Amino acid sequence: MSDSEVQRWDRAHVWHPYTKASTLEAGPAPVIVRGDGIYLVDAEGRRFVDAISSWWCAALGHGHPRIVAAIQGQAGVLQHSILANLTHPQAAELAARLAGMMPTRERRVLFASDGASAVEQALKIAVQYWSNVGRGAKRKFACLHTAYHGDTLGAMAVGYLEEWHRPFQSLLAEVVALPFPVGAGEFGVWERALEAHRTELAAVIVEPLCLGAAGMLMYAPELLRALGDWCARNEVLLIDDEVAMGFGRTGRMFAFEHAGVDPDLVCVGKALSGGALPMSATIAKQFLYDSFSDAERDRTLQHGHTFCGNPIGAAAANEALQIYAEMDAPARARSLGARMAKRLGALRGKRGVRDVRGLGLIGVVELEPEANCGAISRPHRIRLRLQERGVLLRPLGNVLYLMPPLIISEEELDALVELFVGAIESELAMAGAAEGK
Ligand code: PMP
């Protein structure tokens, strides 16, 4: 298959997610044919640093030999078998591993493929739980304003972003949106909104500590701690969406650990399989599962995706979890993150830079909005500049960020950060010159 054939088929038939048609008209999308550690390699052999870990999932980079071996080994034995009234070794092991990573082991794990499905499952478990225990009036959700939880209808309701989801607004369930951002000592702002709906709330769902898609907006662990306490005191479940932040990225295995809370439901995905295969899970406390008993009447959870717990995905995930433990992924994110933050700190206070922030191995530079941007906005000019220099990233509005694979070496990270800072400084210098300053 030639490169031009790929481009032709792509132009005629591929619907690219989150991609403006105009950007594809401006030039064809790079054809990625191979992955190698922190690099994605295109058809011409050019190597690009995957600076956002392919939408935050490739925590172990690409082609990790142990993940490849796990996939190959399992593919030769059993590719798929459903988990309804059956089980298989990989899913059972993975469920036990995930339960063992929670503050207490008494958990049940419902698998799915994508993050959004893990979130939908958590929402449905929460609502049916309250119905199971005879409290059916509790079926509303509270969420953080501008949080993101996926693109399905339930997930969009609790993760409404005006510029992405407006056409669907009338289809979405009514939620209690907690104001965001709020300062570390301002839990009272959330508390007032929660109190007004206390008796009808099934659950509060959060992105822990960092609202990713909204632009890596961070909040203090104290707020999550206070929220967890409030939920426990008020018979409201806490759903923690670790799809983006889980598995070491923030400097703890799960971001909720920074706050010392013990969520009732935890959603994981993305890096669960090392980013190699679609695999996600909803981890529920045992008391939730127990309420689904059919001993007196049938309360079975009538929910399940075809590829729930797929053996090949589960094999990749079991290996990935083993690797995260052996490499001490949280410690690695902390030390590499501190290194990155030091260098990015040089941009703080520079003209055109609104904020520099970080959490674990996430480094963020937020630019001031442009007065009058041309056809291509400043963040995208920086993106293209970096693409020419062999770095792939995707800005979120005016936010540029690095979220590289956790396996990146110190030297590779230093080189990446230099290119990133250099591209931002050059673009800001050109803007300054154009303004005659
Ligand atoms: N939750 C969070 C916090 C996410 O960041 C994402 C994806 N960016 C999702 C859920 C949805 O995951 P998926 O794209 O795998 O459906």
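Nothing here was measured: the structure is a model prediction, and the numbers come from that model. Just follow the structure's listing: the first ligand is 1, and inside any ligand the first atom is 1.
Proximity to Glu207 (heavy-atom distance under 4.0 Å) selects the following atoms of ligand 1: 3 (C). For ligand 1, the atoms lying closer than 4.0 Å to a non-hydrogen atom of Ala244 are 5 (O). For ligand 1, the atoms lying closer than 4.0 Å to a non-hydrogen atom of Ala116 are 11 (C), 12 (O), 13 (P), 16 (O).
Two residues are said to be in side-chain contact when any heavy atoms from C-beta on lie closer than 4.5 Å; Val356 and Val364 fail this criterion. The closest side-chain heavy-atom distance from Gln121 to His305 is below 4.5 Å.
The shortest N or O to N or O distance between Asp241 and ligand 1 is under 3.5 Å. At least one N or O atom of Lys270, backbone or side chain, sits closer than 3.5 Å to an N or O atom of ligand 1.
Residue, atom and distance of the protein heavy atom nearest to atom 15 (O) of ligand 1 are Gly115 N, 2.8 Å. At the shortest separation from atom 6 (C) of ligand 1 among protein heavy atoms lies Tyr148 CE2, 3.5 Å. Of all protein heavy atoms, the one lying nearest to atom 5 (O) of ligand 1 is Trp56 CZ3, 3.3 Å. Nearest protein neighbour of atom 10 (C) of ligand 1, counting heavy atoms only, is His149 O, 3.2 Å.
Ligand 1 is never approached by Met245 to a heavy-atom distance shorter than 4.0 Å.
Partner of Arg107 under the salt bridge (Lys or Arg N to Asp or Glu O under 4.0 Å) criterion, out of Asp264, Asp262, Asp290: Asp262 alone.
Contacts between Val243 and ligand 1, counted as non-hydrogen atom pairs separated by less than 4.0 Å, involve the side chain only. Using a 4.0 Å cut-off between heavy atoms, Trp55 makes no contact with ligand 1 at all.
Annotation for Tyr219 and Phe180: closest pair CD2-CE1, 3.5 Å, computed over non-hydrogen atoms.
Between Arg97 and Glu93, at least one side-chain nitrogen of the basic residue sits less than 4.0 Å from a carboxylate oxygen of the acidic one, meeting the salt-bridge criterion.
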